[in-house]
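To find a chain, count down the sequence lines: A is the first, B the second, and so on, and within it residues start at 1. The model shown is predicted, which means the values in this text are computed figures rather than measured ones.
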Amino acid sequence: MRTYILVWLMLVALTGVAVSVAGMDWGRWSMASALVIAFFKSGLILNYFMHLKDEKGSSLFKWIIPGVLSILILFIGLTFLDVAFR
Amino acid sequence: MPSFYEVGNRSRGILSWIFSTDHKRIGLLYLFSILTFFAIGVLLGFLMRLELIAPGPTIMRPQTYNAIFTLHGVFMIFLFVIPGIPSIFGNFFLPIQIGARDVAFPKINLLSWWIFMTGAFLAILSLFTGGGPVDTGWTFYVPYSLRTPVNVPLAVFAVFILGISSILTGINFVTTTHQLRAPGMTWFRLPLFVWAIYATAWVQVLVTPVVGITLLLTLTERLAGVGIFDPAKGGDPLLYQHLFWIYSHPAVYIMILPAMGVISEIIPVFARRTIFGYKAILFSSLAIASVGSFVWGHHMFVSGQSDLASILFSLLTFLVAVPSGVKVFNWVSTLYKGSIEVAPPLLFALTFIFLFSIGGLTGLFQGALATDVHLHDTYWVVGHFHYTIFGGTGFALFGALHYWFPKMFGRMYHKKIPYLAWAFLFVGFNTLYFPMLILGWKGMPRRYYDYLPQFHSLQLLSTIGSWILIAGLILLFANLVHSLFKGEKVGDNPWHGSTLEWQIPSPPPKENFEKIPHVERGPYEFR
Amino acid sequence: MKNPQNDTGSKMGMWLFLLSEILLFGGLFILYSVYRFNNPQAFHLAAEALDRPLGTLNTLILLTSSLTMALSISFLKKGGPRRSLLFLSATLFLGLLFLFNKYLEWTWKVHHGIYPDAPRLLEREKGEVLFYGLYYSMTGLHGLHVLAGVLLLSVMFIFILRGNIHRNHFVPLENTGLYWHLVDIIWVFLFPLFYLIT
Amino acid sequence: MIRGVTGLSNEVVDNVFLFIAAISVFMLVLITFLMIYFTFRYRRKRNPQPEDIRGNLWLEILWTVIPTLLVLSMFYYGWTGFRSLKKIPEGAFKVKVAARQWSWLFEYENGVKTEELMVPVGKPIHLLLTSQDVIHSFYIPAFRVKQDAVPGMVAPLWFKAGEVGTYDVLCAEYCGRQHSYMLARVKVLSEEEFNRWYEGKGKELQMERARGLPRGPQLLQEKGCLVCHSLDGAPRIGPTLKGLFGKSVIVLKDGKEQKVQANDAYLKKSLIEPNAEIVKGFPPIMPSQKGLISEEEINELVRYMKELK
Ligand code: HEA
Ligand code: HEA
Ligand code: CUA
Ligand SMILES: [Cu+2]
């Protein structure tokens, strides 16, 4: 209960940070900062709201998210190998 | 114990089948529905061959031909080879081979058959509605698929639905393999067929959604003109190709991995010895499934993608060829010092090795950058993929049918006829498809309704091959269908197999095992 | 023997489904990143025209709904179906609110003549057409997921009310929760991509 | 490997092909031979007692490493060949190629447009491929070169013809109904002959320009109209243009049948928005000429169509 509310507060705070950073016009860093914050937020949701942190049933749960992320990154990376060097 | 044929569920007659959650009944549902679609696909292939028997118009008009090769591709790919082995034999045998009573989610299993049938129904409906049968090729490339007046929206939606069915099946198999293994059934005691289905299931779960979204976007593009793929609105048609092949290349491994799993089951049983290099075969499946997901760009070497991308994709393509080779070498070594009986299943397995090797090796020519520039979109490619899909997956399916037939139906087929059928199939197959490789090398493009006179003799030869092939096919299936009713009753283990499905009655009882077995040894230990 | 319906099993199934959902949106993320890379200027212009306060509000709504969802599950596990129902209704309400805001946002845009294939939109630069194409596809697909989530939540509501789901059988609610959180996570990415990065 | 010594794309590709073919045939024969040999040698009658061999690490390593080396060599030759197919020599002779349903149009630097590609022998030719509608692919089997023409992109392709002669050009990317009829030819001429042709055509063009607009028949040819429309009264993929002007045509507009008078406005609209009103009995597949045709050209075409009685 307490952790849930704490996590929620952090999520709200991070949203605030993201919005204010976006207002400041950091040039190309604005993209990076916004994404880092988004990753951080989703990490909180995954670990606390979705209990990934304490999932013990199978070691599969540990690899699911890193796995799918690396696949997605490879998909994007390989696609960029085309579009960025065309 | 009564078999699963006798014990249904509360419903009766046909209802006890189409609403059954028994994995074996669902497997058989898939078997009969998929074979029906396959028959349609074969008929369409036959019609194409007739049209191509001579240059100039022969039996149909260009638009009809274009619709026919599209349907042929769509039916064969999405309704036959992709669901084929996993949905039929995976459903029937995966739970038994790991010592479980059913899959993890029996209801979802049934649901996925219904979704599959819905998708198939919509695909057929698309022929008669809207602007008529699709004429885009099974790849639905934009912008052509955005411009052609035919019923593309319904067709791509149908394929999207089929994708959902495939994802659900994949989820089911992954969970089943993780959760329902019998005590003592460690990961390294799993039969290689299970490993192959497991690896395939991951690919199904992870890449099918990508083609799903691609098709959905094509649909919205047609209906609402969103503009994401439409070059007239600034979209990039090559991105469609990337997204399409991100799925559809791994899809070829969805087709072949289960087939390879079947071969790994059949060879040790008929050589009466442990498989050579169990772990090597297992890890090569995983390697194919993982690395194979990142080679899609080899379909785009001349599309205008960057040279850098082409180079990397070519390299990766060559790397996935190695694990396929490892499998082939291990299979051949399994024959060494065995005690071999060339029963029909083994005959088909050996033929698989030969034909798949030709298919795979012709793939290498396409993986090489310089040669693919010439070979891309020619009959070489058509030859390549019929050798892999049909020579590979198709012959593995024949093998699987002959291998597991006694277990599934409790009867044995006539044992001599398959050899005769095989002879027709083998000769017909090579007469049909080998000329295609030569045609491709000589520069005959694919998806051609009409062709230049210099290609005539090889096209004619190829058409003759299709007749021989179909004769073999009819013989083969006639034998099986006949034996379904008239075949001799067999015991539980006619081949002396050592995996779990052979330790239970033929046909299996409803819950497979009276008592869940405790597994104490590897899958191919015959002594 | 392990029970086919055991909890780890059904959660694993759910997670696998979520993976496929991630890759469904993944395809769109690939498109987004490529088009943004190719048209930075046009994306910049177009993103400025989106309603940032409304987007932020919607983000907060979804985050809060995730909290109420998690609370609803934890109350059910502790045996309080009434509190669980309370928080579930809160989640439902927030979900509907989110959809309502989305509806408002879309209708405003449509009013300004900015919707797919609109003549006003097509006059603009190609990058902007793409931006709005992606905007409508991605938030639209996400909206559909919220809608599906709302339906699922309503079903769960009825199940709890009728006692089909209770402290000893809570996995369906938990899986619904997983789905709802995933939809939230996707929004956590959509929000900066469309409203913040300009 | 002998590679690309003469810079002829067909030799480059053929060399790589032979290299891979040699390895492949060897592998196939090896595997097939072993398979059949083992099957006979260890058949059950002769060898009733199998031996249990579970594997052999060295063999596994051997048949992982050797094929890896082999495929890497294939990759390498494929790549070097590709490099020479892609590296356009400086000063190559440039020709613009426009692909459209279902014909090719070649435009030379002096403004001459042809339907057959004329090139001098032995000189590198640099094609710039574009498409006006869907994806097509420019393919000369004899030279082993191929490149997709994608709308919205300009794709390069180069080749050098080793001998005088005529070679087929095919469309290798499926592009609809007449895909298999989207053919053209490359005419390779000797250098003198080519120059004579090139300059002669150039002068002709200048004279025409000086005289005024290009005439109707030529425009119909250049715009690719004649692939689908005949001038002799026979319907092809589209209705004939003969006697069209002034006729009343039954069209489908928003799915409803209507009778319209084929006047100036109708003809113009047929070019720019062909799918707004579809002639009954024909599919809505005519590509819009919007952005591809100038106002003057439209007027000229309409004027000419009026003449087609
Ligand atoms: C079951 C289906 C299947 C399988 C398994 C494969 C396997 C392979 N495919 Fe194929 N492919 C298709 C189905 C399949 N393909 C289809 C349907 C298309 C066309 C799609 C379309 O456009 O419509 C296609 C198209 C296609 C292309 C695009 C061609 C083009 O359009 O230009 C390429 C290019 O690289 C390619 C390569 C390969 C390679 C390298 C393999 C490798 O995985 C093969 C590996 C196997 C071997 C190499 C043989 C066995 C090994 C030995 C005998 C050992 C010795 C070998 C070595 C020296 C390594 N395939
Ligand atoms: C599973 C895949 C599959 C199969 C089996 C076949 C079977 C056949 N195909 Fe194929 N074909 C494709 C997949 C397949 N095809 C695809 C994807 C394309 C590309 C489409 C496109 O361009 O968009 C294509 C394109 C294609 C073309 C090129 C068209 C063109 O480019 O213009 C031709 C031309 O002749 C052709 C002919 C045939 C013939 C004569 C048959 C058969 O009729 C031969 C007879 C078949 C048999 C004798 C039986 C085979 C049996 C099995 C495989 C297993 C049986 C299973 C069980 C018992 C459960 N096909
Ligand atoms: Cu143009 Cu095919
Ligand atoms: Cu591929």
Side-chain angles (χ1 to χ4, degrees), chain B residues 62-63 66 137 141 143-144 147-149 231 237-238 271-274 276-278 280 302-304 307 311 314-315 318 321-322 325-326 328-329 332 335-342 350 353-354 357-358 361 364-365 368-371 373-374 376-377 442-443 445 447-452 527, chain D residues 12-13 16-17 20 24 27-28 31-32 34-35 38-39 42-44 47-55 60 63-64 67-68 71 74-75 78-79 81-82 85-86 134-135 137 139 141 144-148 150-153 155 168 170 172-181 283-285:
Chain B
Q63 186 60 18
N66 295 345
Y141 269 17
Y144 184 71
R147 306 269 184 277
T148 175
L238 291 202
R272 286 260 170 96
R273 48 156 287 195
T274 328
F276 193 93
Y278 173 88
V302 303
S303 68
D307 293 352
I311 292 164
S314 166
L315 180 62
F318 277 114
V322 175
V326 167
V328 170
F329 294 126
V332 174
L335 298 171
Y336 177 68
K337 293 202 171 162
S339 173
I340 299 166
E341 184 204 343
V342 189
L350 299 181
I353 297 181
F354 178 72
S357 292
I358 297 183
L361 293 166
L364 298 177
F365 293 78
L369 289 162
T371 32
V373 170
H374 175 47
H376 172 74
D377 265 346
K442 286 179 150 186
R447 297 171 174 173
Y448 260 32
Y449 162 74
D450 195 356
Y451 50 86
L452 298 169
R527 280 182 293 183
Chain D
V12 172
V13 172
V16 181
F17 187 89
I20 302 178
S24 299
M27 280 293 175
L28 185 68
I31 288 167
T32 314
L34 285 179
M35 197 163 76
F38 287 161
T39 310
Y42 302 110
R43 61 183 184 275
R44 189 151 303 167
N47 195 33
Q49 263 314 312
E51 206 158 307
D52 219 32
I53 310 166
R54 287 169 179 248
E60 299 290 348
W63 61 50
T64 309
T68 307
V71 292
M74 292 178 192
F75 163 72
W79 176 25
F82 188 64
L85 292 183
K86 283 282 170 171
V134 300
I135 303 178
S137 192
Y139 179 31
R144 317 276 191 259
V145 290
K146 179 184 292 131
Q147 176 63 50
D148 283 7
V150 183
M153 277 169 71
D168 292 316
L170 309 169
E173 179 63 55
Y174 175 68
C175 54
R177 226 160 273 231
Q178 304 296 99
H179 165 57
S180 66
Y181 294 109
I285 55 171

Visitor: Tell me, for B:Val342 versus chain D, whether the close heavy atoms (under 4.5 Å) come from the side chain, the backbone, both or neither.
Guide: side chain

Visitor: Looking at B:Lys442 and D:Pro141, what are the two nearest heavy atoms and their distance?
Guide: O-CB, 4.0 Å

Visitor: Is the shortest distance from a Lys or Arg side-chain nitrogen in B:Arg273 or D:Asp52 to a carboxylate oxygen in the other one below 4.0 Å?
Guide: no

Visitor: Please flag which part of D:Thr64 lies under 4.5 Å from any non-hydrogen atom of chain B: side chain, backbone, both or neither.
Guide: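 Its backbone and side chain both get close to chain B.
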
Visitor: Would you please classify the geometry between the B:His374 ring and the D:Tyr139 ring as parallel, tilted or perpendicular, with 30° and 60° separating the classes?
Guide: tilted

Visitor: Heavy-atom distance under 4.5 Å to chain D: side chain of B:Val326, backbone, both or neither?
Guide: both

Visitor: Are D:Lys146 and B:His376 packed together at the side-chain level, in the sense that at least one heavy-atom pair is separated by less than 4.5 angstrom?
Guide: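 A side-chain contact under 4.5 Å exists here.
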
Visitor: Side chain, backbone, both or neither: which part of D:Ile20 has a heavy atom under 4.5 Å from chain B?
Guide: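 Contact with chain B: backbone and side chain both.
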
Visitor: Taking C-beta and beyond as the side chain, do D:Ile135 and B:Pro237 meet within less than 4.5 Å on heavy atoms?
Guide: yes

Visitor: What part of D:Met153 is in contact with chain B, defined as an atom under 4.5 angstrom from a non-hydrogen atom: side chain, backbone, both or neither?
Guide: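 The side chain, not the backbone.
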
Visitor: Below 4.5 Å, heavy atoms only, C-beta onward: do D:Gln49 and B:Arg272 meet side chain to side chain?
Guide: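 No. Closest side-chain heavy atoms not under 4.5 Å.
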
Visitor: What part of D:Val13 lies closer than 4.5 angstrom to a heavy atom of chain B: side chain, backbone, both or neither?
Guide: both

Visitor: Assess the pair D:Tyr174 and B:Tyr144: is the distance between their ring centroids shorter than 6.0 Å?
Guide: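 Yes, ring centres under 6.0 Å apart.
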
Visitor: Under 4.5 Å heavy-atom distance to chain D, tell me which part of B:Thr148 shows up: side chain, backbone, both or neither.
Guide: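 Contact with chain D involves no heavy atom of B:Thr148 at all.
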
Visitor: Please name the pair of heavy atoms, one in D:Leu28 and one in B:Ser357, separated by the smallest distance, quoted to 0.1 Å.
Guide: CD1-CB, 3.7 Å

Visitor: Answer with side chain, backbone, both or neither: which region of D:Gln178 has an atom nearer than 4.5 Å to a non-hydrogen atom of chain B?
Guide: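 Side chain of D:Gln178 only, per the 4.5 Å heavy-atom cut-off to chain B.
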
Visitor: Looking at every heavy atom in both B:Leu369 and D:Trp79, which two are closest together, and how far apart are they?
Guide: CD1-CA, 4.0 Å

Visitor: Side chain, backbone, both or neither: which part of B:Phe354 has a non-hydrogen atom closer than 4.5 Å to chain D?
Guide: both

Visitor: Relative to chain D, which segment of B:Val328 carries a heavy atom at a distance below 4.5 Å: side chain, backbone, both, or neither?
Guide: side chain

Visitor: Taking the side chain as every heavy atom from C-beta outward, state whether D:Val150 and B:Ser303 have any pair of such atoms under 4.5 Å apart.
Guide: no

Visitor: Taking the side chain as every heavy atom from C-beta outward, state whether B:Leu350 and D:Thr39 have any atom pair closer than 4.5 Å.
Guide: yes

Visitor: Can you tell me which portion of B:Ile358 sits under 4.5 Å from chain D's heavy atoms? Options are side chain, backbone, both or neither.
Guide: both

Visitor: D:Arg144 vs B:Val373, test: side-chain contact (heavy atoms from CB on, under 4.5 Å). Steps then yes/no.
Guide: CA-CA 7 Å; D:Arg144 317 276 191 259; B:Val373 170; over 6 Å; no

Visitor: At their closest point, which heavy atom of D:Ser24 faces which heavy atom of B:Leu361, and how far apart are they?
Guide: O-CD1, 3.6 Å

Visitor: Can you tell me which portion of D:Glu60 sits under 4.5 Å from chain B's heavy atoms? Options are side chain, backbone, both or neither.
Guide: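 The side chain, not the backbone.
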
Visitor: Is the ring centre of B:Tyr449 less than 6.0 Å from the ring centre of D:His179?
Guide: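 Not close enough - the centres of the two rings lie 6.0 Å or further apart.
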
Visitor: Using side-chain heavy atoms (C-beta onward) and a distance below 4.5 Å, is D:Phe75 in contact with B:Ile311?
Guide: yes

Visitor: Looking only at atom types and distance, does a side-chain atom of B:Lys337 sit under 3.5 Å from a main-chain N or O of D:Tyr42, one as donor and one as acceptor?
Guide: no

Visitor: Is chain B contacted by the side chain of D:Lys86, its backbone, both, or neither, given a heavy-atom distance below 4.5 Å?
Guide: side chain

Visitor: Checking D:Gln147 side chain against B:Val302 main chain: does a donor-acceptor pair fall under 3.5 Å?
Guide: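 Such a contact is found between D:Gln147 side chain and B:Val302 backbone.
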
Visitor: Relative to the ring of B:Phe365, is the ring of D:Phe17 parallel (under 30°), tilted (30 to 60°) or perpendicular (over 60°)?
Guide: tilted

Visitor: Would you call the rings of D:Phe38 and B:Tyr336 parallel, tilted or perpendicular if under 30° counts as parallel and over 60° as perpendicular?
Guide: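 Ring orientation of D:Phe38 relative to B:Tyr336: tilted.
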
Visitor: Does the pair D:Ser180 and B:Asp450 meet the rule for a side chain to side chain donor-acceptor pair (under 3.5 Å), with working shown?
Guide: CA-CA 6 Å; D:Ser180 66; B:Asp450 195 356; 5.7 Å; no

